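Structure, as structure tokens:
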Amino acid sequence: EYMGQYCIKIVVRKRNVVTVVPVCSMGAIISKSIKYMLMFTRFSGFWINNVVVAGTYSVLLMLLQPIRVFNERLYWFAEGRLYSTLIFLVGTYLYGFRIPHRFHIRESGVDPYGVLSPERCVVIANHQTTADVPTLFAIFANRSREIVTRHCVWVLDVMFRFSHFGVISYNHGDMYVESGKQAKDRTLAHIQSFLSKYYIDTTVRRRNWLIIFPEGGFLYKRKLSSQRYAREHGYPVLNYVGLPKVAALHKCIETLRQTSTISQYEPPRFLLDVTIGYRDSEDGLDFWELLTGCAESQTVHIYYRVYRFSDIPHEISEFTDLFQRFQEKDELLSHLYKTGSYPPPIEVNDLSLIEVNGLLFPILDNVEVQLNVNLLCFYLVFYHSCCIVLYFSARRLVSFLTNN
């Protein structure tokens, strides 16, 4: 007999033993087949577009190399345009398409983009899964694509340098660091030299936002070791974030402070604290689920807080106050998983504005990020057209050289 989506087949064997075998109905088979086809379409489309966009980006940069010889600032302006478009394509593609499920992004806390976009700013965020990076891609690209994504520097693990996107990040000037105690001294020296060369020197590359994941890795990899370290040293035991790596972040902050007299450099004025939470899964949204859409539709919650950069302690012994910020992150995520939303930020007046260092930041209360899907389609057509033109041009050039 049929029961819902399943056909129950009863098989009677010897000694009156009855075996019940559930068999999927035709409707369930068709439904699952359509779902897997949509998952494969989303997965294939993402990687095809990644190959096309990354390849076009790399070829166009090669063609722009003569400009770099005569006008390096113009070259980096063009590279920034290409890079911001690429970030927009990756982030909006994953979150903008509803095939087979759609993932929403909702923002709470203070709105930093109108005030902080043109400012030099250090951004710290918790790190649960690989999906955190495309989530920030989608937010930055759709909220402040022309300024933030073009002038940002990402601090990434060195293992991502050997991926297809690692080549793009390397060309853009992102920073790669090694993890582990053995590479600690080498990493700290690299941080200082890199920031002095690519972030502080404003004559050519105008970098504004420095984006850091202070935990130094994914939460599921560091959770147990972080909790063990917290118990041994008397720090709060956190469940939804890991304790930050103080030494590397302290080296970044001190480097940005000590070299404030170089060229026209001005140290950052603010520190933007971003908390990423996945409402329907405390373990976070896995990149495979985001890539294929195999997970049910769910909402990613982002919470912003802004601090004055000058309030950050100078001494590394006092720098452990950063643990308190991550303890607050843990409390925010605990509130999110229990109630479904972050607690509302403190309002200083009837206009729902919060004041930081004399600047007023509008307050966001569960505002959904609006993704520009129309612009996404335009850029996809543009990059694919460029790829086709470059392909046939290369074929004609090879044919011409071969015949001659």
Side-chain angles (χ1 to χ4, degrees), residues 87 90-91 105 109 112 121-140 148-149 152-161 163 165-166 169-170 172-180 183-184 187-188 190-191 194-195 199 207-227 229 238-253 255-256 268 270-278 283-287 290 300-307 309 312 319-320 322-330 332-333:
I87 295 297
V90 174
I105 302 177
C121 177
V122 176
V123 182
I124 61 173
N126 60 309
H127 204 12
Q128 298 187 52
T129 66
T130 320
D132 296 338
V133 175
T135 299
L136 294 180
F137 281 178
I139 298 171
F140 293 161
V148 173
T149 54
C152 68
V153 176
W154 294 79
V155 181
L156 306 170
D157 192 279
V158 70
M159 61 177 290
F160 292 105
R161 186 173 182 173
S163 63
F165 195 80
S169 297
Y170 179 77
H172 178 68
D174 293 332
M175 179 166 60
Y176 292 95
V177 294
E178 299 179 65
S179 59
K184 180 178 179 180
T187 298
L188 296 180
H190 173 65
I191 289 175
F194 181 92
L195 292 178
Y199 186 84
R207 303 302 186 217
N208 290 339
W209 283 31
L210 180 65
I211 305 169
I212 307 172
F213 297 102
E215 293 165 281
F218 300 137
L219 176 63
Y220 73 91
K221 292 184 177 180
R222 298 203 62 252
K223 184 175 181 179
L224 295 180
S225 60
S226 175
Q227 292 178 342
Y229 181 87
L238 309 178
N239 297 314
Y240 305 110
V241 296
L243 290 177
K245 298 293 185 69
V246 174
L249 186 58
H250 178 263
K251 175 59 70 174
C252 290
I253 301 298
T255 303
L256 298 180
F270 299 100
L271 184 142
L272 175 60
D273 183 6
V274 181
T275 302
I276 306 173
Y278 299 89
D283 296 328
L285 180 64
D286 188 76
F287 185 66
L290 183 62
V300 183
H301 291 262
I302 309 296
Y303 193 88
Y304 301 108
R305 294 181 297 177
V306 178
Y307 303 98
F309 190 80
I312 302 176
F319 210 71
T320 51
L322 183 65
F323 291 165
Q324 183 179 355
R325 304 283 82 81
F326 273 76
Q327 184 178 5
E328 294 169 359
K329 281 179 176 287
D330 193 74
L332 286 171
L333 291 172

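Side chains included, hydrogens not; waters and symmetry mates left out as well; all remaining heavy atoms used. The structure presented is a predicted model; accordingly, all values stated were derived computationally and were not measured.
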Derivation and outcome, side-chain contact (heavy atoms from CB on, under 4.5 Å), residues Thr130 and Phe218: CA-CA 8 Å; Thr130 320; Phe218 300 137; 3.5 Å; yes
Check the pair Ile124, Leu272 against side-chain contact (heavy atoms from CB on, under 4.5 Å), reporting the backbone distance first and the verdict last. CA-CA 6 Å; Ile124 61 173; Leu272 175 60; over 6 Å; no
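- Nearest heavy atom pair, residue Pro268 against residue Leu256, reads CG-CD1, 3.9 Å.
- The shortest heavy-atom contact between Ile276 and Asn126 is N-OD1, 2.7 Å.
- With rounding to the nearest 0.5 Å, the separation of NZ in Lys245 from CD in Glu215 is 10.0 Å.
- In terms of heavy-atom proximity, Tyr278 sits nearest to Ala131 at OH-C, 3.7 Å.
- A 4.5 Å side-chain heavy-atom check between Ile139 and Tyr304 finds at least one atom pair inside the cut-off.
- Ile312 CD1 to Leu271 CG: the interatomic distance, rounded to the nearest 0.5 Å, is 4.5 Å.
- Taken from CG in Leu156 to OH in Tyr170, the straight-line distance is 14.0 Å, to the nearest 0.5 Å.
- Inter-residue side-chain proximity for Val133 and Phe213 is flagged as met; some heavy-atom pair is nearer than 4.5 Å.
- Between the side chain of Ser169 and the backbone N or O of Asp174, no donor-acceptor pair lies under 3.5 Å.
- Ring-plane geometry between His190 and Phe194 is classed as tilted, the angle between the planes lying from 30 to 60 degrees on a 0 to 90 degree scale.
- The cationic group of Arg325 lies under 6.0 Å from the six-membered ring centre of Tyr307 and within 45° of the ring axis, placing it in a cation-pi geometry.
- Using the six-membered ring where Trp is involved, Phe137 and Trp154 have ring planes that are perpendicular, over 60° apart on the 30 and 60° scheme.
- Contacts of Asp273 classified as salt bridge (charged side-chain N to carboxylate O under 4.0 Å, His left out), with partners at least two apart in sequence or in another chain: Arg305, Lys329.
- Under a 3.5 Å cut-off, the side chain of Lys223 and the backbone N or O of Asn239 do form a donor-acceptor pair.
- For the pair Leu243/Phe326, no side-chain contact is recorded, criterion being any heavy-atom separation below 4.5 Å from C-beta on.
- Of all heavy-atom pairs spanning Gly173 and Val153, the tightest one is O-CG1, 3.9 Å.
- Counting only heavy atoms from C-beta outward, the side chains of Asp157 and Val177 never approach each other to under 4.5 Å.
- Of all the heavy atoms in Met175 and Leu195, the pair that sits closest is CE-CD2, 4.3 Å.
- Side-chain atoms of Gln128 never come within 3.5 Å of backbone atoms of Leu219 as a donor-acceptor pair (strictly under, hydrogens ignored).
- Residue Cys121 holds its SG atom at 5.5 Å from CH2 of Trp209, rounded to the nearest 0.5 Å.
- Interatomic distance, Tyr303 OH to Glu328 CD, rounded to the nearest 0.5 Å: 9.5 Å.
- Taking each heavy atom of Pro134 and Leu290 in turn, the nearest pair found is CG-CD2, 3.9 Å.
- Put simply, CG on Leu332 and OH on Tyr240 are 12.5 Å apart, with the number rounded to the nearest 0.5 Å.
- Using a 4.5 Å cut-off on side-chain heavy atoms (C-beta onward), Leu210 and Val123 make no contact.
- The shortest side-chain heavy-atom distance between Ile302 and Thr275 does not fall under the 4.5 Å cut-off.
- Gln227 places a side-chain N or O within donor-acceptor distance of the main-chain N or O of Leu238, the cut-off being under 3.5 Å.
- Taking 4.5 Å as the limit, some side-chain heavy atom of Ile212 sits within range of a side-chain heavy atom of Leu249.
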